[in-house]
Amino acid sequence: MPPASPELISPRSPRVAAARRLARRNFRSKERLFLAEGPQAVREAAAYGADTLLELFTTVEAAERHADIVGGARAVGARVHLADEQVIADISTTVTPQGLVGVCAFVDTPFEDVLAARPRLVAVLAHVRDPGNAGTVLRCADAAGADAVVLTDASVDLYNPKAVRASVGSLFHLPVAVGVPVERAVAGLQDAGVRILAADGAGDRDLDEELDRGTMGGPTAWVFGNEAWGLPEETRALADAVVRVPIHGKAESLNLATAAAVCLYASARAQRASGGCRSVTEG
């Protein structure tokens with residue numbers, strides 16, 4: 001890994017141009033690199049492990065304000081470039097950049113490794129196309145203590161800048177498998193002893209009733225569908241049960257991220273209750 005470079009980098013620098021291109025999916029896929037913007041994402045990237053945060057572009061002001069983050073970046077071998085606000089604006093995909101943009105190596109996990117770890121709570125994103133929703137569900141899964149997230153081959157790119165920002169660093173906290181056909185994801189998880197629950201507003205099972213019956217304490221994977229049209233029938237048919245979040249008020253429905261949070265936390269609570277799979281394994 002090259003040493004840190006304190007010089008003020010030029011907007012015409014090839015390194016700036018290379019970073020700017022990572023806003024486009026084809027370049028991200030080719031280089032297996034992506035952008036992590038803002039203090040939280042950069043901090044988590046540096047903490048993830050060696051050879052993850054490769055470069056850091058920062059304004060002088062941000063470097064002074066977040067000296068601990070810049071120091072952490074240098075400590076893991078990232079090359080640090082001081083840049084003016086225009087360079088950061090050119091690289092950033094946000095309207096109001098926070099002065100720190102990291103170039104990171106892909107961090108997704110092979111699906112086989114997810115299965116080998118015997119997961120107990122998994123979020124499967126099937127046909128989820130909105131990057132903000134994908135990143136927010138990833139963050140919810142992280143907060144609920146999920147063991148992994150799976151993005152099917154019909155879902156948005158994990159490394160879309162909006163998805164990375166919406167995850168607020170959770171991308172670096174738990175295994176995420178990408179590009180998995182939904183049939184393979186479901187079959188693999190079922191073979192690993194995981195119950196598959198499809199979240200759907202038209203489900204024939206009620207989440208409250210499932211909790212009351214005590215059926216939620218075992219290893220569980222929730223399958224979440226498209227923001228507009230939910231899960232197709234063929235995907236619902238793969239699940240062990242199709243579960244709806246009850247609407248007790250007058251709201252027409254819940255958005256994807258909210259429904260995902262409710263479902264994941266319901267499973268997390270059941271698994272931590274007496275007799276749940278986490279209370280058994282974790283004592």
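For clarity, every value in this text was computed on a predicted model and none was experimentally measured.
- We find the CG-CZ distance between Asn160 and Arg25 to be 8.5 Å, quoted to the nearest 0.5 Å.
- Nearest approach of Asp51 to Ala105, heavy atoms of both residues: O-CB, 3.6 Å.
- At least one donor-acceptor pair under 3.5 Å links the side chain of Tyr159 to the backbone N or O of Val107.
- Panel note: side chain Ser155, backbone Leu125; a donor-acceptor pair is recorded below 3.5 Å.
- When each of Arg20, Lys162, Arg165 is tested with Thr93 by the rule side chain to side chain donor-acceptor pair (under 3.5 Å), just one qualifies, namely Arg165.
- Applying the side chain to side chain donor-acceptor pair (under 3.5 Å) test between Asp208 and each of Arg244, His248, Arg213 identifies His248 as the sole match.
- With no hydrogens or angles considered, no side-chain donor-acceptor pair links Arg205 and Thr215 at under 3.5 Å.
- For the pair Thr220 (side chain) and Gly218 (backbone), a donor-acceptor distance under 3.5 Å is present.
- The backbone N or O of Val243 sits nowhere less than 3.5 Å from a side-chain atom of Glu210 that would complete a donor-acceptor pair.
- The backbone N or O of Ala62 lies less than 3.5 Å from a partner atom in the side chain of Thr59, making a donor-acceptor pair.
- Both Ile196 and Val180 are assigned to one and the same hydrophobic cluster, defined by single-linkage of ILVMFWY side chains at heavy-atom distances under 4.5 Å.
- With hydrogens and angles ignored, the 3.5 Å screen pairs a side-chain donor or acceptor of Arg129 with a backbone N or O of Ala154.
- With hydrogens and angles ignored, the 3.5 Å screen pairs no side-chain donor or acceptor of Ser167 with any backbone N or O of Leu138.
- In this structure, the separation between CD1 on Ile88 and CG on Leu100 is 7.5 Å, given to the nearest 0.5 Å.
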| field | Val101 and Leu56: CA distance, side-chain angles, deciding distance, side chain to side chain contact (heavy atoms under 4.5 Å, CB included) verdict | value | CA-CA 6 Å; Val101 182; Leu56 175 61; 5.8 Å; no
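- Not a single donor-acceptor pair under 3.5 Å links the side chain of Arg79 to the backbone N or O of Leu54.
- Cluster membership for Leu197 and Val124, using ILVMFWY side-chain heavy atoms within less than 4.5 angstrom, is not shared.
- A donor-acceptor distance shorter than 3.5 angstrom exists from the side chain of Asp147 to the backbone of Leu121, with no hydrogens or angles considered.
- The cluster map of Ile, Leu, Val, Met, Phe, Trp and Tyr, joined by side-chain heavy atoms under 4.5 Å apart, puts Val128 and Val245 in the same cluster.
- The structure places CD1 of Ile91 at 10.5 Å from CD of Gln86, a figure rounded to the nearest 0.5 Å.
- Hydrophobic clustering (ILVMFWY, side-chain heavy atoms < 4.5 Å, transitive): Val150 and Val182 are in one cluster.
- In this structure, His127 NE2 and Asp153 CG are separated by 8.5 Å, a value rounded to the nearest 0.5 Å.
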| said: Let's go through Gln190 and Leu238 carefully: what are the C-alpha distance in whole Å and the side-chain angles of both, what is the deciding distance for side chain to side chain contact (heavy atoms under 4.5 Å, CB included) to 0.1 Å, and is it a yes or a no? | reply: CA-CA 10 Å; Gln190 286 174 327; Leu238 298 172; over 6 Å; no
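- Between Phe106 and Phe34, the ring planes are tilted. Angles from 30° to 60° get that label.
- Taken to the nearest 0.5 Å, the CG atom of Leu189 stands 4.5 Å off from the CZ atom of Phe111.
- Using a 4.5 Å heavy-atom threshold, the side chains of Ser267 and Arg195 count as separate.
- Counting heavy atoms from C-beta on, the side chains of Val176 and Thr109 never come closer than 4.5 Å.
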| message | Quick one, His81 with Val16, criterion side chain to side chain contact (heavy atoms under 4.5 Å, CB included). Give me CA distance, side-chain angles, the key distance, then yes/no. | response | CA-CA 10 Å; His81 307 286; Val16 173; over 6 Å; no
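- A salt bridge does not link Glu44 with Arg139: every distance from a Lys NZ or Arg NE/NH1/NH2 to an Asp or Glu carboxylate oxygen is 4.0 Å or more.
- Criterion: ILVMFWY side-chain heavy atoms under 4.5 Å apart, direct or through other members. Under it, Leu115 and Val122 are part of a common hydrophobic cluster.
- One distance of note links CZ of Phe224 with CG of Leu151; it measures 12.0 Å at 0.5 Å rounding.
- Under the 6.0 Å distance and 45° angle rule, Arg21 counts as a cation-pi partner of Phe27.
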| request: Mind running side chain to side chain contact (heavy atoms under 4.5 Å, CB included) on Ile247 and Ser253 for me, showing each step along the way? | output: CA-CA 7 Å; Ile247 302 294; Ser253 63; 5.6 Å; no
